[in-house]
Protein chains: 2
Amino acid sequence: MNGAAPSRLPEGAKAQRVYLSLRDQITGGALASGDSLPGEQRLAESFGVSRVTVRRALDALAGTGLIDRRAGSGTVVRDRGGAEMPVAMNLATLMPQLVEMGHSTTARLLAFSYGTAPEFVARSMELEADADIQIAIRVRSADDTPFSHLTTYVPANIARNYSEDDLANHPLFTLLERSGVEIAHAHQSVTATLAGPEVAEALNVAVGTALLSLKRVVRDVDGKGVEYLSALYRPDMFRLEMPLTRVGTGAGRHWEPAIGKDGEASE
Amino acid sequence: MNGAAPSRLPEGAKAQRVYLSLRDQITGGALASGDSLPGEQRLAESFGVSRVTVRRALDALAGTGLIDRRAGSGTVVRDRGGAEMPVAMNLATLMPQLVEMGHSTTARLLAFSYGTAPEFVARSMELEADADIQIAIRVRSADDTPFSHLTTYVPANIARNYSEDDLANHPLFTLLERSGVEIAHAHQSVTATLAGPEVAEALNVAVGTALLSLKRVVRDVDGKGVEYLSALYRPDMFRLEMPLTRVGTGAGRHWEPAIGKDGEASE
DNA sequence: ACAAGTTGTATTATTTATAATACCAGATGC
DNA sequence: GCATCTGGTATTATAAATAATACAACTTGT
């Protein structure tokens with residue numbers, strides 16, 4: 001569909017490409033902790049850029065703590081023991097797992113309105129094209145750091161059963177089941193996308209940051225769509241986890257998710 | 001791991017970010033065929049850039065045929081009949097689902113070597129730090145369009161049981177089980193990341209494109225790691241899908257993946 | 001001590017990307 | 001017609017990224 005960037009586009013910041021390449025090599029394991037990097041001059045030559053440009057990339061790597069630089073000695077990959085992701089979610093059960101204790105997540109309501117369903121929502125939920133729905137946009141934070149941007153579409157007749165205030169304080173799941181909806185099954189789809197201006201601001205990241213994108217359609221026992229969720233997650237704050245077990249024998253051998261039994265689902 | 005781009009880095013080509021963001025909105029369905037885009041002036045304001053910059057991005061979008069622009073009337077998303085996502089994978093069963101018939105996926109081996117395990121691989125697989133492993137990098141394509149970039153780490157003693165040629169022609173799973181490995185369970189983690197130069201070239205996308213990142217550790221019945229997979233997927237070519245059912249009653253009510261029973265797992 | 005590497009710093013020039021502005025031409029609704 | 005959207009074009013100015021160069025300060029090994 002696209003291929004290389006069309007010719008009219010600027011090449012893109014060279015320093016950023018050097019930065020991304022080195023960062024990938026470090027986080028991807030090609031450069032392990034303690035490894036020495038080639039000298040700045042050599043890096044400049046191998047990337048085909050000037051030393052100043054390499055320097056900017058290294059500055060950025062040092063700023064994020066990935067490398068240590070010592071004048072006269074050289075640049076080495078720093079040993080980063082911890083620095084892991086605070087929030088994870090079990091993709092099978094939709095159960096969030098807060099890896100450290102003391103994490104509390106809070107939701108903030110950014111937008112709340114009623115209107116007609118966008119075409120792609122109506123199609124996914126199998127509603128009439130002009131169906132009335134409620135649209136809510138929320139941002140969820142852990143320890144005052146936002147990690148997810150949630151846009152939910154709920155048919156108006158269901159949404160009338162809870163208030164704007166409920167939405168800011170309870171998972172949508174709770175509200176739906178409290179409203180008498182009998183949730184039966186869901187289908188979710190995971191991809192990646194770039195942060196646009198509004199989302200970037202809400203999640204406190206730069207425009208152009210990679211985000212995890214999850215779309216979920218929830219249906220009731222009659223197969224009617226009761227919720228369409230479009231969620232965007234910061235990859236440095238959030239991960240989807242999924243344990244699997246291989247079961248069966250012979251030709252019937254296949255994978256099955258190892259599921260947790262407890263808890264309450266949330267977005 | 002990174003979050004907002006470190007402050008010292010150049011912002012990067014703004015035109016390219018506008019281009020990538022709009023492209024994602026179009027291919028991701030947020031902007032459907034026939035939808036009108038906001039005016040160039042409005043786009044410039046919302047992205048925080050000048051109109052010329054927006055213009056360069058729109059030029060690129062028009063160049064790839066994603067939009068139609070008519071002076072006086074406006075810019076609309078072009079109706080591109082097909083060109084949808086050809087490949088999906090069931091996240092629970094690891095079973096790929098080729099949505100259209102006639103799709104054949106082929107693998108190309110980019111790199112193949114033996115060496116000592118990177119620290120993070122050794123830690124994840126619980127190997128000794130200096131364990132010998134095989135590292136292979138493959139690109140998988142559907143209809144000559146690459147959609148996934150796979151880096152696999154396999155302990156050398158297991159990897160010796162199959163050849164470089166096997167690797168290019170068979171899913172790694174098949175080769176492992178053929179080698180007598182008793183695969184028991186796996187753990188996978190899904191995030192998003194940006195395409196670096198090497199991966200971008202291999203996947204035929206622009207540097208800075210959002211990619212889906214999946215890491216999977218496969219263990220045998222003794223709990224020893226037998227495979228570490230780091231996979232990067234083009235979001236416009238590949239999606240992770242997962243159906244869920246809500247089961248149980250009362251307090252024991254929870255989600256469970258609806259799993260397929262057949263087929264062979266692959267990457 | 002010395003040479004040869006390294007990073008740190010500074011200066012200058014050049015190129016490129018972006019911004020700000022104005023105006024034209026086509027389309028649309030009143 | 002007319003006001004007012006829209007994209008198309010051009011000009012100029014400013015800001016930013018990059019390159020080329022030189023040199024200082026520090027480290028290490030001989």
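Reminder, nothing fancy here: chain letters follow the sequence lines and each chain counts from 1.
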Self-check item: Under 4.0 Å protein heavy-atom contact, by nucleotide of nucleotides 25-30 of chain C - B base, S sugar-phosphate only
Solution: -BS---
Atom-pair distance ([atom1] on [X]; [atom2] on [N]), nearest Å:
{"X": "B/Arg55", "N": "D/dT11", "atom1": "CZ", "atom2": "C1'", "result": "15 Å"}
{"X": "A/Asp68", "N": "D/dT27", "atom1": "CG", "atom2": "C1'", "result": "16 Å"}
{"X": "A/Ile67", "N": "C/dT6", "atom1": "CD1", "atom2": "C1'", "result": "13 Å"}
{"X": "B/Leu37", "N": "D/dC5", "atom1": "CG", "atom2": "P", "result": "18 Å"}
{"X": "B/Lys14", "N": "C/dT18", "atom1": "NZ", "atom2": "P", "result": "7 Å"}
{"X": "B/Leu43", "N": "C/dA19", "atom1": "CG", "atom2": "P", "result": "14 Å"}
{"X": "A/Glu40", "N": "C/dT9", "atom1": "CD", "atom2": "P", "result": "11 Å"}
{"X": "A/Glu45", "N": "D/dA19", "atom1": "CD", "atom2": "C1'", "result": "14 Å"}

Exercise. Using a cut-off of strictly less than 4.0 Å, decide whether A/Arg69 has a side-chain nitrogen or oxygen near OP1 or OP2 of C/dT6.
Key: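 Indeed not, no polar side-chain atom of A/Arg69 lies that close.
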Quiz item: Can a donor-acceptor pair be found between the side chains of B/Glu198 and A/Ser21 at a distance below 3.5 Å?
Solution: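 Side-chain D/A pair, B/Glu198 to A/Ser21: present.
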Quiz item: For residues B/Asp24 and A/Thr193, is any side-chain donor paired with an opposing acceptor at under 3.5 Å?
Solution: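 There is such a pair (donor and acceptor under 3.5 Å, judged by atom type) between the side chains of B/Asp24 and A/Thr193.
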Quiz prompt | Any donor-acceptor pair under 3.5 Å from A/Arg138 side chain to A/Leu167 backbone | solution =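 A pair under 3.5 Å: yes.
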Practice problem: Check whether any side-chain N or O of A/Ser73 sits under 3.5 Å from a backbone N or O of A/Arg70 as a donor-acceptor pair, and report yes or no. | Solution: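 Not confirmed, A/Ser73 side chain does not pair with A/Arg70 backbone.
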Exercise. Return the orientation label for the A/Phe120 and A/Tyr228 ring planes: parallel under 30°, perpendicular over 60°, tilted otherwise.
Key: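 Ring orientation of A/Phe120 relative to A/Tyr228: perpendicular.
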Self-check item: Residues B/Glu40 and B/Arg55 bridged, charged N to O under 4.0 Å
Solution: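 Looking at B/Arg55 together with B/Glu40, the answer is yes, because their closest N to O distance falls below 4.0 Å.
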Quiz item: Is there a salt bridge (Lys or Arg N to Asp or Glu O under 4.0 Å) between B/Asp35 and B/Arg78 once you walk through the steps?
Solution: CA-CA 8 Å; B/Asp35 281 2; B/Arg78 174 179 285 179; over 6 Å; no
Polar atom pairs between nucleotides 20-24 of chain C and protein, under 3.5 Å, N or O only, would you list them?
none

Quiz prompt | Straight-line distance of A/Leu194 CG to B/Thr209 OG1, nearest 0.5 Å | solution =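 That separation rounds to 7.0 Å.
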Exercise. Return the set of residues passing side chain to side chain contact (heavy atoms under 4.5 Å, CB included) with B/Ser148 (not counting sequence neighbours), or none when no residue passes.
Key: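 If we apply the side chain to side chain contact (heavy atoms under 4.5 Å, CB included) test to B/Ser148, skipping adjacent residues, the hits are B/Arg140, B/Leu150, B/Tyr233.
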